[in-house]
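Input: a single structure, listed below in C-alpha cells.
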Amino acid sequence: MSTEEASAVPAAQRGSWSSFLKSIASFSGDLSSLTAPPFILSPTSLTEFPAYWCERPDYFAAIADAAPGQDRAIAVLRWFISTLKDQYTSRNEELGSEKKPLNPVLGEVFYGIWPDKNGRGETSLLVEQVSHHPPITAYVIENRTKQLRLVGHNAQKTSFSSGSIIVKQIGHAVLTVAGEEYLITFPRLRIDGLWYGSPYIELAETSHIVGGGYTCSIEYKGKGYFSGKSHTFKATLTPLPGMGGAGPREIVVEGTWHETSKFVKGGGGTFYEVREHKEETIPLPWDAELGEYETRRLWFLVAKGIREGDFELASREKSRIENEQRQRRKDEAAEGTSWQLKHFEIVESDPICEPCFQTFPLPPSLLFLFCCWFTSPFVTSRQFISTTFNHHCRAL
C-alpha cells in the first residue's frame, strides 16, 4: 500500500491496515468476525445504533399528526429519509471516517429517552441483543403520547467485492401508528474508501415501506468512478389496489438523503431538507436495575481506551469481555441451559408481518429465519417504558 493510498491511516498503523485489507480480500465468509486494526474501531457498540431511528424526534411524532392515508404515508417516508443521514454519514462527520462498531454480547441492553418538547411527547428507547450467532439486535422505540411504536431488529451479513465491503442488512421494522402498521425493510450498504484508510458508507439497491394503504420503493444510488452523485435516492409512493382516493396515483421524490430532496411528481417544492441538529438519546443513568450488561457500563474501559488512544487497554478489556462470553456459552452447554432474554421471546410465526410481505415483491433470498415477540419492557422506578404493550418482530 502506497503512502498516498493510506493517507488517512496513522503511520504506526499502516502495516496492520495493509494486512487487514489483504485478509478481507482473501477471506471467505462473514467479515464481521475479523478483527480490525485499533484506529478503525468505534467506541460504540452496535446496541446503541437503533437510537439513530429517532434522532430527529419531531419527524417521528409528526407521523401521528398526519391524516391517515396519503398524508400519513408521506409523513412516514419523510421521517424515514430523515433517519438516513444520522444512521449512515454522521460518524464520518464526527470521527473522520466510518468506524467498526463493537460487537454486542448476548443479552446486552441499552435504554434511553428523548424528552417531550413542544407537545411532541416523550419518546423512549429499549434495545436488547437477542442473538450472538448470528448477531441480531432487537429494539423498541415508543411515544405513548402520540400512540407511536417502532419495533424491529437488525443483523448484518458482510462480504468483500471489487474493493468494497458489502453489508446485507437482515431484518425489518414495524411502525405502528394508532393501530395502523407500516412494514419497513432496509437498504444494502457498500463501504468504500478502504484503500485510503477512510471508509464511508454508500446505500445501494432498494428498500420498501408498505402500510396505510400505500407502498413505497426507495432506490439508492451513489457516485461511480466517472459519474453520479453521492447519497442519491428516488422514492416512489403508490396506493395499493382500491386505495388512494382522489389523490395522485403516484408520488415521486428525488434528491440526496443526507442533504435535501424534492417532489418531482404528485407534489411540488422541497420534500425534506437537513436543517436542525440531531437530538441524541439521553441514556438512562446506570443503576443496579439496569444490570452489568448495560452497553456503556459493559464497554466503558474499551471505549475509554479507544477515545484516549490507549489501544493496549482497549484490546485487553475487549479480549476479557469476549473470553468471558465464550466461557459462559461453554458453561451453558455443559449444564444444558441457554441464555434467557429479558425483553423478547422467540415465536414460530408472525401474523402481523406476513400479509405485508405479500403486498410487494421481495427477492427469493429474503427468507424468514426466526422471529421474536416483544413481551415485557424494562421498568425502573421512573416507569421508563410501559409494560402494557406487546408486539412482534421478525428477522429475515
Side-chain angles (χ1 to χ4, degrees), residues 1-2 4-10 13-14 16-53 81 83-104 134-137 154-171 185-207 218-233 256-259 306 365 396:
M1 178 184 293
S2 68
E4 181 180 356
E5 285 179 319
S7 57
V9 181
Q13 299 281 336
R14 286 176 185 165
S16 61
W17 182 244
S18 180
S19 298
F20 178 66
L21 292 180
K22 292 177 182 177
S23 66
I24 63 175
S26 60
F27 186 78
S28 177
D30 191 344
L31 296 178
S32 62
S33 61
L34 291 178
T35 300
F39 84 93
I40 206 68
L41 290 178
S42 166
T44 304
S45 168
L46 270 173
T47 308
E48 295 195 39
F49 278 40
Y52 289 127
W53 282 109
I81 296 301
T83 72
L84 299 180
K85 172 182 171 63
D86 299 327
Q87 292 195 63
Y88 302 117
T89 68
S90 61
R91 293 175 296 280
N92 280 67
E93 297 172 357
E94 296 166 3
L95 304 174
S97 71
E98 186 61 39
K99 303 294 184 181
K100 183 180 185 297
L102 299 169
N103 291 328
I136 299 174
T137 307
N154 278 73
Q156 295 83 29
K157 186 174 180 61
T158 55
S159 58
F160 186 76
S161 177
S162 303
S164 301
I165 293 177
I166 307 301
V167 182
K168 177 183 177 182
Q169 296 202 92
I170 302 170
T185 66
F186 312 135
R188 188 164 294 197
L189 315 181
R190 190 182 74 241
I191 303 178
D192 295 325
L194 297 172
W195 303 114
Y196 298 93
S198 184
Y200 64 92
I201 290 177
E202 189 61 82
L203 304 187
E205 300 189 11
T206 304
S207 68
I218 308 165
E219 181 183 5
Y220 307 91
K221 292 185 178 180
K223 186 176 181 180
Y225 286 106
F226 302 107
S227 64
K229 186 176 181 180
S230 297
H231 308 332
T232 60
F233 77 95
T256 56
W257 47 260
H258 71 307
E259 291 178 337
I306 293 172
S365 60
L396 293 179

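Computed from a predicted structure; not experimentally measured.
- By the side chain to side chain donor-acceptor pair (under 3.5 Å) test, H258 is found to be paired with no residue, residues two or more places apart in sequence or in another chain being considered.
- The backbone N or O of K99 lies less than 3.5 Å from no partner atom in the side chain of S42, so there is not a single donor-acceptor pair.
- Taking T137 as the reference, Q129 meet the side chain to side chain donor-acceptor pair (under 3.5 Å) condition, with sequence neighbours excluded.
- For the pair E205 and P187, the minimum side-chain heavy-atom distance is 4.5 Å or more.
- N154 and Q169 get closest at one heavy-atom pair: ND2-OE1, 3.5 Å.
- Listed by chain and residue number, Y220 satisfy the side chain to side chain donor-acceptor pair (under 3.5 Å) test with S207 (two or more places apart in sequence, or in another chain).
- Taking both residues in full, the closest heavy atoms of L41 and I306 are given as O-CG2, 3.6 Å, listed atom of the first, atom of the second, then distance.
- For A155, the side-chain contact (heavy atoms from CB on, under 4.5 Å) test picks out I136, I170, with sequence neighbours left out.
- For F233, the ring pair (Phe, Tyr, Trp, His ring centres under 6.0 Å) criterion is met by no residue, not counting sequence neighbours.
- Residues L189 and I166 form no side-chain contact, since every pair of their non-hydrogen atoms from C-beta on lies 4.5 Å or further apart.
- Between R188 and V167 the shortest heavy-atom distance is CG-O, 3.2 Å.
- Residues H231 and L203 fail the side-chain proximity criterion, which asks for heavy atoms closer than 4.5 Å.
- Here the closest non-hydrogen pair linking F186 and G171 is CE1-C, 3.4 Å.
- Within the model, atoms OG1 of T89 and CD1 of I201 stand 9.0 Å from one another, a figure rounded to the nearest 0.5 Å.
- Every residue meeting the side-chain contact (heavy atoms from CB on, under 4.5 Å) condition with E259, not counting sequence neighbours, appears here in chain and number order: T256.
- Across all their heavy atoms, T232 and G222 have their closest contact at OG1-N, 4.3 Å.
- In terms of the side chain to side chain donor-acceptor pair (under 3.5 Å) criterion, W257 has no residue partners (sequence neighbours excluded).
- Within the 4.5 Å cutoff, the side chain of D192 has heavy atoms near those of the R190 side chain.
- Taking the side chain as every heavy atom from C-beta outward, L84 and Y52 never approach each other to under 4.5 Å.
- Side-chain N/O atoms of Q87 and T83 include a donor and acceptor closer than 3.5 Å.
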